[in-house]
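The block underneath contains the structure these notes are about, expressed in structure tokens.
The figures here come from the full heavy-atom set of this structure, side chains too, leaving out hydrogens, waters and symmetry mates.
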Amino acid sequence: MNTPSSTAVSPASDSPPPTCWDLFKGFFWLGLSAFGGALPLARHMVVEKHRWLSSEDFTELLGLCQFLPGGNIINMSVALGMKFRGVKGAFAALMGLIAAPSFIVIALGMVYDRYADDPHIQHLFAGLAAAAAGLLISMAVKIAKPLRGKWAGIAVAVACFICIAVLRTPLLPTMLVLTPISILVTWRLTR
């Protein structure tokens, strides 16, 4: 059970925290299998499979990782590794995440460079883009579930979507405005 002094991001169960090797393996398989987007698979791995975090904690940590510069899933691997095993854990999770994809991307880049004009290759990449869009929509639905009944959070999420998707406001100004508003609203509602 978590004590009042525990961090905001807590494991979903009373099991021992993952070792550096667990973090490396988990993020290695995530990096190896996450074609088109790692976020849906990261949530499954962290929340459902290993139960390192609860759904709510994952959503909160994801919010922080999205606000920080860099890739969301890279930030997530470093944050989780740091939380459970410090700098060694952060390094293990990050190396696990980027090892296989680095080699795969280099190999695919060489193949694509050679066969980019082939219509079969063009159709292949169009199909991969459609699958990636489906994964993204699935993840959005799962991430939004903890917001059920939290109208202030839903309002901020809708405002963010409108600013970025409809009004085409750049991400940084949108986050600089909406993040303090979200924090203030959440703080006021929990008081």
Side-chain angles (χ1 to χ4, degrees), residues 7-13 15-116 120-146 164 171-172 175:
T7 60
V9 180
S10 57
S13 68
S15 61
T19 64
C20 288
W21 179 241
D22 292 336
L23 291 164
F24 179 87
K25 285 189 308 185
F27 281 100
F28 178 83
W29 288 112
L30 177 64
L32 190 59
S33 61
F35 291 91
L39 209 48
L41 298 173
R43 185 189 179 284
H44 173 76
M45 178 195 70
V46 171
V47 174
E48 297 166 18
K49 183 178 178 183
H50 294 297
R51 299 183 41 82
W52 291 340
L53 297 176
S54 69
S55 182
E56 292 79 14
D57 289 340
F58 180 87
T59 300
E60 289 176 15
L61 185 59
L62 176 62
L64 172 65
C65 292
Q66 288 178 324
F67 185 71
L68 297 172
N72 298 339
I73 194 61
I74 291 173
N75 293 343
M76 177 77 67
S77 69
V78 171
L80 278 175
M82 217 37 205
K83 175 193 175 16
F84 292 118
R85 295 293 169 181
V87 173
K88 287 181 183 178
F91 184 76
L94 179 61
M95 290 300 104
L97 181 66
I98 66 173
S102 296
F103 292 114
I104 291 169
V105 166
I106 290 168
L108 284 177
M110 291 168 48
V111 169
Y112 184 75
D113 187 47
R114 180 171 169 108
Y115 300 106
H120 295 96
I121 298 297
Q122 292 172 351
H123 291 300
L124 172 72
F125 279 96
L128 290 173
L135 284 171
L136 186 61
I137 291 168
S138 168
M139 184 64 203
V141 169
K142 286 184 178 182
I143 289 293
K145 281 185 180 179
I164 293 172
L171 178 63
L172 185 60
M175 295 304 289

Taking all heavy atoms of [X] and all of [Y], pick out the closest pair and write down the distance.
X: Ser77; Y: Ala93; answer: O-CB, 3.3 Å
X: Glu48; Y: His44; answer: OE1-ND1, 2.8 Å
X: Phe24; Y: Ala92; answer: CD1-O, 3.3 Å
X: Ala100; Y: Leu32; answer: CB-CD1, 3.5 Å
X: Gln66; Y: Asn72; answer: CA-OD1, 3.3 Å
X: Phe84; Y: Pro17; answer: CD2-CB, 3.6 Å

Should Leu30 and Val46 be marked as a side-chain contact (heavy atoms from CB on, under 4.5 Å) after you check the CA-CA gap, both sets of side-chain angles, and the distance that decides it? CA-CA 10 Å; Leu30 177 64; Val46 171; over 6 Å; no
Check Leu94, Ile73, Leu68, Val87 against Val78 for a side-chain contact (heavy atoms from CB on, under 4.5 Å) and give me the one that passes.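 Of the listed residues Leu94, Ile73, Leu68, Val87, the side-chain contact (heavy atoms from CB on, under 4.5 Å) partner of Val78 is Leu94.
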Using only atom types and a distance under 3.5 Å, with no angle test, would you say the side chain of Asp22 pairs donor to acceptor with the backbone of Thr19?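 Checked: pair present.
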Using a 3.5 Å distance criterion without hydrogens, assess whether the side chain of Arg43 forms a donor-acceptor pair with backbone atoms of Thr59. no
If you round to the nearest 0.5 Å, how far is SG of Cys65 from CE of Met76?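 Taking CE in Met76 and SG in Cys65, the distance rounds to 4.5 Å.
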Once you round to the nearest 0.5 Å, how far does CE of Met110 lie from OH of Tyr115? 11.0 Å
Is Trp52 close to Leu23 at the side-chain level, that is, under 4.5 Å between some pair of heavy atoms? yes
Close side-chain approach of Arg85 and Pro18, heavy atoms under 4.5 Å: no
Audit row: Leu80, Leu61, side-chain contact (heavy atoms from CB on, under 4.5 Å) steps and yes/no: CA-CA 9 Å; Leu80 278 175; Leu61 185 59; 4.0 Å; yes
